[in-house]
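These numbers come from the heavy atoms of this one structure, side chains and all, not from hydrogens, waters or symmetry mates.
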Amino acid sequence: MYLAAWQGLFICSATFHAVGSSADSVHLSLLPSSREMLKKPIFASPSQLYQEPQGGDVVLYCEVLNLNNNHVVWKQGERVISAGNIMTRVDKRMSLIQLNYGSHPTHLRIKHLKLSDAGNYTCEVEWPGAPLSVTHSLTVLQPPVITRPMTGANFHATQGEEVTVACTATGDPQPQVWWSKVDNRGLQRLVLPEDSSFLHLHGVDRDDTGEYVCQARNRISTAEVVVHLQIHFLPEVQPMHYRVYSGKGAKTELACVVEGYPEPMVKWFYLSGGREVEVRHDQNHVTGRQGGTKDNTHKLTIRNLSYTELANFTCKAENEVGFSKGHIEVTGIPQPPTIISTQDSLYHNQYNLVFSVKSHEPLVQVKLKYKQQGRNRLVDDFTDNYIERWFTPGNLKTNDLRPKIVSRVISYEIDNLNRSSSYSLLVSVMNKHGWSDQSNMFTFMTRNQDYSENREKSFFDFQSSTRSLGAEGAILVAVLCLRVWGCLLY
């Protein structure tokens with residue numbers, strides 16, 4: 001009685017995290033006595049649960065002891081597959097095999113499993129007594145199949161909207177579904193707060209444009225589809241330069257970088273009489289792209305700038321989402337001066353300043369602004385205690401063979417300075433269009449003792465007192481003139 005209580009079907013199951021589960025079974029039975037075994041056939045193969053992937057092979061066991069001259073019949077449901085050694089079902093994938101030498105071919109093998117092969121299979125033994133049978137259950141596992149979206153599908157949304165794309169998949173076991181985005185690091189899985197099978201993006205912007213991948217996985221395999229999301233966004237306009245220095249009759253080039261989707265239309269305007277006027281399309285005004293149709297840099301070239309075009313220009317880009325503007329000032333004022341003299345003076349009480357400046361028009365005035373630096377202050381401001389010096393650079397004649405923008409080198413002697421002191425200096429210049437921006441802050445230092453007392457007169461006539469530049473200063477300026485285009489002699 002004790003042994004009989006352990007007879008029956010034992011099932012072992014295992015669950016795979018986020019993938020599915022699998023089960024197998026073992027039938028434990030007590031063999032009858034040798035006398036009973038001689039009387040009737042006995043199944044040595046218990047009922048089992050088979051789980052095999054689609055396209056694979058399976059062998060359904062039906063081992064019969066004491067078969068003698070009796071016959072085995074296989075059925076799928078009520079449909080007969082075989083009777084004895086004869087295959088009644090016309091399917092080359094199915095056959096009867098023997099596993100042990102000398103045994104009968106009673107086991108059913110099915111190759112290249114199809115989903116329609118799933119079901120109950122019964123092995124019956126036809127003999128004079130009551131029918132004997134054992135039934136197996138076959139589950140054909142299906143790899144994931146993504147039913148939507150279709151691979152290569154394109155989705156569009158406007159900046160600020162919400163986007164939802166559902167990814168549905170079938171398979172056995174039921175697959176897990178998730179979304180990833182393709183970027184320069186590869187495939188990055190998205191952490192979605194809701195159902196991971198839904199690509200749900202809130203308030204999309206241009207950075208959400210790109211390729212997205214839906215993946216579905218179960219214990220058999222993984223399937224994926226790739227879709228493209230395109231965000232329609234407001235044009236963005238970035239001028240290459242916010243200020244362009246030019247002059248009447250000069251060739252002038254303006255440029256702005258434009259990005260947007262759909263492709264924006266770009267137009268150029270300039271301010272005239274308090275209103276925006278569209279730039280004419282003629283031989284003197286040429287618009288286009290810097291590097292061809294695929295380049296985002298849009299250019300306006302004015303071959304001969306008119307006086308009225310010394311104004312504020314606008315690069316306007318517009319698409320179906322809206323429009324944006326970028327503003328560029330075209331000005332005739334000089335460019336900020338660049339100080340090119342060395343920081344160390346040759347003298348204890350004066351400094352020979354040399355600077356260059358580019359201007360389309362002659363300079364009419366120069367302003368120096370300087371002050372002695374405090375001993376305990378790293379940064380000096382010019383709110384008080386500074387000295388201003390103004391001078392007119394003289395009648396600087398330009399050579400007609402020189403370019404429209406003339407680079408001028410100017411020298412000036414700053415005197416009445418303190419010995420062994422550091423000074424902060426700013427320089428600005430003026431032409432008929434107005435004052436330039438100030439130069440970068442410059443620091444120079446006087447000596448404790450003059451480098452040389454025998455100074456000759458300078459050939460430059462820019463001075464603040466009756467004393468002229470020393471010979472060393474003149475040599476320095478001459479050398480600098482060789483390096484800077486447009487050094488003008490008085």
* Structure fact -> One should read off an interatomic distance between Lys251 NZ and Asn304 CG, to the nearest 0.5 angstrom, of 11.5 Å
* Check the pair Val427 / Tyr412 against side chain to side chain contact (heavy atoms under 4.5 Å, CB included), numbers first and verdict last. => CA-CA 11 Å; Val427 182; Tyr412 184 82; over 6 Å; no
* To do: For residues Val429 and Gln335, report the shortest heavy-atom separation together with the two atoms involved.
  => CG2-O, 4.5 Å
* **Side chains of Ser428 and Leu426 in contact at under 4.5 Å (non-hydrogen atoms)** => no
* **More than 12 heavy atoms from other groups under 6.0 Å of CD on Gln283** => no
* With ring centroids as reference points, do Tyr423 and Phe444 lie under 6.0 angstrom apart? -> yes
* Asked: From Thr252 OG1 over to Leu310 CG, what is the distance, rounded to the nearest 0.5 angstrom?
  -> 8.0 Å
* Asked: Can you tell me how far the OH atom of Tyr50 sits from the CD1 atom of Ile110, to the nearest 0.5 Å?
  -> 10.5 Å
* Asked: If we ignore angles and hydrogens, is there a donor and acceptor under 3.5 Å between the side chains of Trp390 and Glu388?
  -> yes
* To do: Check the surroundings of atom CZ in Phe323: do more than 12 heavy atoms from other residues, nucleotides or ligands lie under 6.0 Å from it?
  => no
* Any idea which heavy atoms bring Val258 and Pro264 closest together, and the distance? -> CG1-CG, 3.9 Å
* Say whether, by atom type as modelled, one donor and one acceptor occur between the side chain of Asp172 and the main chain of Gln142 under 3.5 angstrom. => no
* Asked: Do Arg389 and Asp415 meet the salt-bridge criterion of a basic N to acidic O distance under 4.0 Å?
  -> yes
* To do: Name the orientation class of the two ring planes belonging to His156 and His232 (parallel below 30°, tilted from 30 to 60°, perpendicular beyond 60°).
  => perpendicular
* To do: Assess the side chains of Thr297 and Asp295: does a donor N or O sit below 3.5 Å from an acceptor N or O?
  => yes
* To do: Show the numbers, then the answer: is there a side-chain hydrogen bond (donor to acceptor under 3.5 Å, both in side chains) between Thr147 and Thr168?
  => CA-CA 6 Å; Thr147 56; Thr168 58; 2.7 Å; yes
* Distance in Å, Lys181 NZ paired with Leu187 CG, rounded so as to fall on 0.5 Å steps -> 12.0 Å
* Asked: Are any of the side-chain heavy atoms of Cys214 and Ile146 separated by less than 4.5 Å?
  -> yes
* **Trace of the side chain to side chain contact (heavy atoms under 4.5 Å, CB included) decision for Phe198 with Leu192** => CA-CA 8 Å; Phe198 285 89; Leu192 301 173; 5.9 Å; no
* Quick one: does Arg289's side chain have a donor or acceptor within less than 3.5 Å of a partner on Asn296's backbone? -> no
* Asked: Does Ile333 reach the side chain of Tyr245, with side-chain heavy atoms less than 4.5 Å apart?
  -> yes
* To do: Go through the steps for Thr342 and Asp344 under the test side-chain hydrogen bond (donor to acceptor under 3.5 Å, both in side chains), then give the verdict.
  => CA-CA 6 Å; Thr342 60; Asp344 297 321; over 6 Å; no
* If we only count heavy atoms from C-beta on, is the Leu363 to Pro334 side-chain gap below 4.5 Å? -> yes
* **Short side-chain to backbone donor-acceptor contact, Ser180 and Val213, under 3.5 Å** => no
* For Thr139 and Gln51, indicate whether the former's side chain and the latter's backbone hold a donor-acceptor pair under 3.5 Å. => no
* To do: For ring-ring contact (aromatic ring centres under 6.0 Å, His included), just list the numbers for Phe233 and Tyr261, CA-CA rounded to whole Å, side-chain angles, deciding distance to a tenth of an Å, and then say yes or no.
  => CA-CA 5 Å; Phe233 62 94; Tyr261 190 90; 7.4 Å; no
* Asked: Can any side-chain N or O of Gln174 pair as donor or acceptor with the backbone N or O of Ala169 at less than 3.5 Å?
  -> yes
* **For Pro337 against Ser439, the heavy-atom pair lying closest together** => O-CB, 3.2 Å
* Do Lys432 and Val364 touch side chain to side chain, with heavy atoms closer than 4.5 Å? -> no
* Asked: Looking only at side chains, do Gln373 and Ser424 share a donor and an acceptor under 3.5 Å apart?
  -> yes
* Asked: How about Asp437: does its CG atom have over 12 heavy atoms from other parts shown lying under 6.0 Å from it?
  -> yes
* To do: Would you please test Trp179 and Leu201 for side chain to side chain contact (heavy atoms under 4.5 Å, CB included) and show each step?
  => CA-CA 12 Å; Trp179 284 93; Leu201 304 177; over 6 Å; no
* Quick one: closest heavy-atom pair of Ala250 and Ser246, and the distance? => CB-OG, 3.6 Å
* **Lys267, NZ: over 12 other non-hydrogen atoms inside 6.0 angstrom** => no
* Heavy-atom side-chain proximity of Lys114 to His112 below 4.5 angstrom -> no
* To do: Could you tell me whether the side chain of His241 and the main chain of Ile328 form a donor-acceptor pair under 3.5 Å?
  => no
* Show the numbers, then the answer: is there a side chain to side chain contact (heavy atoms under 4.5 Å, CB included) between Thr331 and Arg243? => CA-CA 7 Å; Thr331 181; Arg243 173 180 284 178; 3.7 Å; yes
* Ionic contact status for Lys325 with Glu276, cut-off 4.0 Å -> yes
* **Distance-only donor-acceptor check, side chains Thr135 and Ser47, under 3.5 Å** => no
* Taking C-beta and beyond as the side chain, do Tyr351 and Met445 meet within less than 4.5 Å on heavy atoms? -> no
* Asked: To the nearest 0.5 Å, how far apart are CZ in Phe269 and CG in Leu300?
  -> 12.0 Å
* **From CG (Asn416) to CG (Asn349), nearest 0.5 Å** => 7.5 Å
* Between the side chain of Ser324 and the main-chain N/O of Val237, is any donor-acceptor distance below 3.5 Å? -> no
* Any Leu305 side-chain heavy atom under 4.5 Å of His360 side chain -> no
* **Exam field: side chain Ser137 to backbone Asn120, donor-acceptor pair closer than 3.5 Å** => no
* To do: Using the side-chain contact (heavy atoms from CB on, under 4.5 Å) rule, pick out the option among Thr158, Val204, Asp205 that qualifies with Ile231.
  => Val204
* **Taking every non-hydrogen atom, the tightest pair across Gln76 and Arg89** => OE1-NH1, 2.6 Å
* Asked: Backbone N or O of Gly332 within a donor-acceptor pair of the Asn431 side chain at under 3.5 Å?
  -> yes
* Within the distance-only criterion (no hydrogens, no angle test), does the side chain of His136 pair as donor or acceptor with the backbone N or O of Gln48 below 3.5 angstrom? -> yes
* Structure fact -> Heavy atoms of Gly322 and Pro235 approach each other most closely as O-CD, 3.5 Å
